[in-house]
Amino acid sequence: MTDMGDINRLKLVLVEKKKTGKWLAGQLGKDPSTVSKWCTNVSQPDLVTLSRIAELLNVDRRELINKSK
C-alpha cells in the first residue's frame, strides 16, 4: 500500500476556526471517533460530507483538501 500522505487539511482548518472535532461531530451527527479519523487522515469523509463540513466552517471545499503535487 502506498502512502498517500495527508489528503485533507481538516485538523488545521478546525484549529484556524477555533472549533473542535467534537463540535464538528455534533453538527454532523457523527461519532467523534469518525471525525478524529478524518483529522488524522486515517479515513476521509465522502464528498457530500466534505461539502457540509465546508459550510459549517464557512470555507471553500478546496481549503479542506491538500493540493496534489
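Residue indices begin at 1 and follow the sequence shown. Heavy atoms only: backbone and side chains are in, while hydrogens, waters and symmetry mates are out.
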Just distance, no hydrogens or angles: give the donor-acceptor pairs under 3.5 Å from side chains in residues 28-40, sequence neighbours left out.
unit_1	atom_1	unit_2	atom_2	d
Asp31	OD1	Ser33	N	2.8
Asp31	OD1	Ser33	OG	2.6
Thr40	OG1	Ser36	O	3.0
Thr40	OG1	Lys37	O	3.4

Subject >> side chain to side chain contact (heavy atoms under 4.5 Å, CB included) between Ile7 and Asn66, intermediate numbers included >> reply: CA-CA 6 Å; Ile7 296 171; Asn66 278 324; over 6 Å; no
**OP:** Mind jotting down which residue pairs meet the salt bridge (Lys or Arg N to Asp or Glu O under 4.0 Å) criterion with at least one end in residues 15-25? Sequence neighbours excluded, please.
**Re:** Arg9-Glu16
Original post:
What's the shortest heavy-atom distance between Pro45 and Leu50, and which atoms?
Top reply: CG-CD1, 4.0 Å
**OP:** May I ask you to decide if Leu10's main-chain N or O and Asn8's side chain share a donor-acceptor pair within less than 3.5 Å?
**Re:** yes
Subject >> Qualifying residues under side-chain hydrogen bond (donor to acceptor under 3.5 Å, both in side chains), relative to Thr20, sequence neighbours excluded >> reply: none
Output a table of donor-acceptor pairs, distance under 3.5 Å, between side-chain atoms of residues 52-65 and any protein atom two or more places apart or on a different chain; print 'none' if there are none.
unit_1	atom_1	unit_2	atom_2	d
Arg52	NH1	Glu55	OE1	3.2
Asp60	OD1	Arg62	N	2.8
Asp60	OD1	Arg62	NE	2.9
Asp60	OD2	Arg62	NH2	3.0
Arg61	NH1	Ser51	OG	3.0

